[in-house]
*Asks:* 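Before we start, here is the structure in question, set down as structure tokens.
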Amino acid sequence: MDEKTRILELRKELHEHNHRYYVENQPTISDQDFDFLMHELQDLEAKHPELFDANSPTQRVGSDLNTEFVQVAHRYPMLSLANTYNEGDVESWYNSVSKGLGGEPFEVCCEMKYDGLSISLTYVDGKLTQAVTRGDGIHGDDVTTNVRTIRSIPLVLKNTENLPHEFEIRGEILLPWKEFERINKEREAAEEPLFANPRNAASGTLKSLDPNVVAQRHLDAYLYYLLGDEIEGEGHYENLMMAKSWGFKVSEGMRKVRTVKEILDFINYWDTERKNLPVATDGIVLKVNSIKQQRALGFTAKSPRWAIAYKFKAERACTRLNEVTYQVGRTGAVTPVANMEPVLLAGTVVKRATLNNEDFIKSFDLHIGDYVFVEKGGEIIPKIVGVDIDQRPIISQPVQFIHRCPECGTELVRYEGEAVHYCPNDAGCPPQIKGRIEHFISRKAMNIMSLGPETVDEYWSRGLVHNVADLYSLTVAQITGGNKNRRLSAENVVKGIEASKAVPFERVVFALGIRFIGETSAKLLARRFKNIDALMGATLQELLDVDGVGEVMAKSVIEYFHNEGNRAIVERLRSYGLQMSLSEEQISNISDRLAGNSIVISGVFARHSRDEYKSLIEQHGGKNVSSISKNTSFILAGENMGPSKLEKAKKLAIRIVSEDEFLSMIGE
């Protein structure tokens, strides 16, 4: 491959990784691998200046812009730091600083690199006025309302001595390990996707449209940079100590040093000691301490010359695989789990790791008794990344994936195109039955918030419920079992179950827990067939005619309703008064005016909320998509449309539709 082709390939690949990391919060490669690709591109572009492109990943800072929020311009750009993974680069940076300062003595402030979401806070007269994410470094999302719920961020400063009229302080929003593990346990119980690491969880939380969710997750924040026209401190370290006196939370581990040896001693100390910190860290940040010297050194197009980030290598441990056990989820999906000799990794004791599926096991040729390499790095979810073949016992058995369900003994099936094995005994497999009840009562389904997984397990154990329909025959007397102290909670449960009868039909379809049918596909089916009888009697072709429903999903719907037990449950739910059809109002509002259109929503709107517009698009036969591509039909744009989306729309010649124009299109 010639170097020009490689440059184009690297640019395309890095743009995609930027999007996954900053927009989707679902990175597919490690930070180290990303940086290696970036360095390769930088080197090639330096060799070929004739191929300069202002839109190259090397010319910009990655973006976490989210058009759910108003976007504002940063007064001072928020640039990223150059990264390094070895001590030689640290020494090279130190020498370049010394050269840039003409041999003038300088101090370096060493501090922790926290792994969270960058934030810039503006204070006027000692009061928080605005909180903005890093975004693309030039513009960010205004998340002030959500940030106000974070208790470690002061709303009013406690000490006004030497306080400027206006200033910015920057730092990192973090989710502590303890809270991260609590949230993931709750998500696991609800069979929701787990957050891969605290950074993703913090980012997803801060971008929530519900400030109550933010408050409940107990985010934390560490501040690390003070700036403004009225800041009088001569040194970065001294500025942060002043900020600390005003009430800000800053790192306790900061230290000023003068030599490369002192820098490396600091790095080596924290490479071990960071495991005892309550929040995630992924490296050390080194900054020239003097503000005057920082100004003299200046910036490159992407980062300051006076600072660099040393990134810790992903932590890895080697431990023995003792056995493989299997878990059954509510959909019948069977997940293999590695049970290992306990080992300390990134601050926690690890003894279990998911093995995903049979293909994953085969890819490592796993044997019982193998010594496996386990990694977490910045991630809390442990994963097996390799096998030490040299330590394999002479006599050992390869891991054989099971053929029967570990809970009910039914022979497992693997559907075409699926990597996962399933237990088909959905009517008699206990974890599936309890899992379906837990799914049925969940917030996005029937929203029976007076119940929870523990309550479901208790009712199952006592024989009060065997399927979702049994919930509607529960009485206060049954729940209390003669215990008067439980009467109030029992009454709340019964009231919550009764209130769920008003939940609309499309959510009832989702609540049934039909395998492969998620929230969006349930809406599509409900709006296409309009009532439960039409859906139960739908043919394969009729189901396939629904845009967004594939063959696997269609066959699953048919299989579900061909099961007499499932049909009996549906009839019982109907008899209890659940909504088994769209309302007359919903039916009258359904049209195909947007049929065949893939629509992106961006910006802030005056007439309806974003969620309401998403519903209107679906109601009129359109399809909501999250990112712009050549297949996008048009963009429904409100105020403050994201600049990156606008730029891409112009490049692809995608039509921009205003709020009023859109409402006219659908007849409002």
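All of these numbers come straight from a predicted model, not from anything done at the bench.
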*Asks:* Can you name the closest pair of heavy atoms from Ile558 and Ala538 and give their distance?
*Replies:* CG1-O, 4.2 Å

*Asks:* Would Asp470 and Arg572 pass as an ion pair if we require N to O under 4.0 Å?
*Replies:* yes

*Asks:* Closest approach of Phe561 and Val570, non-hydrogen atoms and distance?
*Replies:* CE2-CG2, 4.2 Å

*Asks:* Rounded to the nearest 0.5 Å, what separation is found between the CZ atom of Phe605 and the CD atom of Glu659?
*Replies:* 6.0 Å

*Asks:* Do Tyr459 and Val456 come close enough that some side-chain heavy atom pair is under 4.5 Å?
*Replies:* no

*Asks:* Quick one: does Glu179's side chain have a donor or acceptor within less than 3.5 Å of a partner on Leu219's backbone?
*Replies:* no

*Asks:* Is it true that Asp220 and Lys178 have a side-chain N and a carboxylate O under 4.0 angstrom from each other?
*Replies:* no

*Asks:* Do the charged groups of Lys495 and Glu498 touch, with an N to O distance under 4.0 Å?
*Replies:* no

*Asks:* For Lys444, what residues pass the side chain to side chain contact (heavy atoms under 4.5 Å, CB included) criterion, not counting sequence neighbours?
*Replies:* Phe510, Glu519

*Asks:* Quick one: pull up CD1 in Ile514 and OG1 in Thr331 and give me the separation to the nearest 0.5 Å.
*Replies:* 13.0 Å

*Asks:* Mind checking side chain to side chain contact (heavy atoms under 4.5 Å, CB included) for Pro406 and listing every partner two or more places apart, or none if nothing turns up?
*Replies:* Tyr326, Val328, Ile402

*Asks:* Side chains of His403 and Leu412: closer than 4.5 Å at any heavy-atom pair?
*Replies:* no

*Asks:* If you measure from CD1 on Ile150 to CZ on Arg217, what distance do you get to the nearest 0.5 Å?
*Replies:* 12.5 Å

*Asks:* Are Val337 and Val324 side-chain neighbours, meaning at least one heavy-atom pair lies under 4.5 Å?
*Replies:* no

*Asks:* Count the heavy atoms belonging to other residues, nucleotides or ligands that lie under 6.0 Å from CZ of Arg151, then report whether that count exceeds 12.
*Replies:* no

*Asks:* With no hydrogens and no angle check, is any side-chain donor or acceptor of Ser664 less than 3.5 Å from a backbone partner on Asp660?
*Replies:* no

*Asks:* Within the side chain of Arg352, is there an N or O that forms a donor-acceptor pair under 3.5 Å with the backbone of Asn339?
*Replies:* no

*Asks:* Which pair of heavy atoms, one from Ser633 and one from Gly596, lies closest together, and at what distance?
*Replies:* OG-O, 4.0 Å

*Asks:* Looking at Lys383 and Glu375, is there a salt bridge between them, counting it only when a charged N and a carboxylate O are closer than 4.0 Å?
*Replies:* no

*Asks:* What are the two closest heavy atoms between Gly496 and Ile448, and how far apart are they?
*Replies:* C-CG2, 3.9 Å

*Asks:* Out of curiosity, Ile517 CD1 to Leu512 CG, how far, rounded to the nearest 0.5 Å?
*Replies:* 10.5 Å

*Asks:* Does the Arg199 side chain pair with the main chain of Asp115, one donor and one acceptor, at a distance under 3.5 Å?
*Replies:* no

*Asks:* Mind running salt bridge (Lys or Arg N to Asp or Glu O under 4.0 Å) on Lys185 and Glu181 for me, showing each step along the way?
*Replies:* CA-CA 6 Å; Lys185 283 180 182 177; Glu181 291 170 351; over 6 Å; no

*Asks:* So do Ile635 and Val657 actually touch side chain to side chain, heavy atoms under 4.5 Å?
*Replies:* no

*Asks:* Are Ile599 and Thr632 packed together at the side-chain level, in the sense that at least one heavy-atom pair is separated by less than 4.5 angstrom?
*Replies:* no

*Asks:* Would you say Arg486 and Ser489 make side-chain contact, with heavy atoms under 4.5 Å?
*Replies:* yes

*Asks:* Quick test of your reading of the model: are Asp533 and Arg574 salt-bridged, counting only N-O distances below 4.0 Å?
*Replies:* yes

*Asks:* Answer yes or no: is there a donor N or O on one side and an acceptor on the other, between the side chain of Thr480 and the main chain of Arg487, under 3.5 Å?
*Replies:* no

*Asks:* Heavy-atom count check: over 12 atoms from other residues, nucleotides or ligands less than 6.0 Å from Lys623 NZ?
*Replies:* no

*Asks:* Quick one, Thr335 and Asn356 - any side-chain contact, counting heavy atoms below 4.5 Å?
*Replies:* no

*Asks:* Kindly indicate, with the supporting measurements, whether the criterion side-chain contact (heavy atoms from CB on, under 4.5 Å) is fulfilled by Val465 and Ile433.
*Replies:* CA-CA 10 Å; Val465 294; Ile433 297 170; over 6 Å; no

*Asks:* Working to the nearest 0.5 Å, report the span between CD of Glu506 and OG of Ser521.
*Replies:* 11.5 Å

*Asks:* Does some side-chain heavy atom of Asn447 sit less than 4.5 Å from a side-chain heavy atom of Arg507?
*Replies:* yes

*Asks:* Could you give me the CA-CA distance, side-chain angles and deciding distance for Leu474 and Tyr472, then say whether side-chain contact (heavy atoms from CB on, under 4.5 Å) is met?
*Replies:* CA-CA 6 Å; Leu474 282 174; Tyr472 292 89; over 6 Å; no

*Asks:* Does the pair Arg515/Glu559 count as a salt bridge with the N-to-O cut at 4.0 Å?
*Replies:* no

*Asks:* Is a donor on one side and an acceptor on the other found under 3.5 Å between the side chain of Gln432 and the backbone of Ala427?
*Replies:* no

*Asks:* Would Phe529 and Val557 count as a side-chain contact (heavy atoms from CB on, under 4.5 Å) if you check the C-alpha gap in whole Å, the side-chain angles of each, and the deciding distance to 0.1 Å?
*Replies:* CA-CA 13 Å; Phe529 294 101; Val557 172; over 6 Å; no

*Asks:* Do the side chain of Arg567 and the main chain of Tyr560 share a donor and acceptor less than 3.5 angstrom apart?
*Replies:* no

*Asks:* Measure from the side-chain N and O atoms of Ser203 to the backbone N and O of Asn200, and report whether any donor-acceptor pair falls under 3.5 Å.
*Replies:* no

*Asks:* If I compare all heavy atoms of Ala511 with all of Phe440, which pair ends up nearest, and what's the gap?
*Replies:* O-CD1, 3.4 Å

*Asks:* Could you tell me whether Glu551 and Lys555 make a salt bridge, using a distance below 4.0 angstrom between a side-chain N and a carboxylate O?
*Replies:* yes

*Asks:* Verify, without hydrogens or angle tests, whether Ser500 (side chain) and Met446 (backbone) share a donor-acceptor contact under 3.5 angstrom.
*Replies:* no

*Asks:* Give a yes or no on whether the backbone of Val143 and the side-chain of Asn146 come within a donor-acceptor separation of less than 3.5 Å.
*Replies:* no

*Asks:* Distance from Ile173 atom CD1 to Ile153 atom CD1, nearest 0.5 Å?
*Replies:* 4.0 Å

*Asks:* Stepwise, does the salt bridge (Lys or Arg N to Asp or Glu O under 4.0 Å) test hold for Glu618 with Arg527?
*Replies:* CA-CA 9 Å; Glu618 293 169 349; Arg527 289 170 182 174; 3.1 Å; yes

*Asks:* Where is the tightest heavy-atom contact between Ile601 and Lys614, given as atom of each residue plus distance?
*Replies:* CD1-CG, 3.6 Å

*Asks:* Is there a side-chain contact (heavy atoms from CB on, under 4.5 Å) between Asn322 and Met340 once you walk through the steps?
*Replies:* CA-CA 5 Å; Asn322 291 328; Met340 307 168 293; 5.6 Å; no

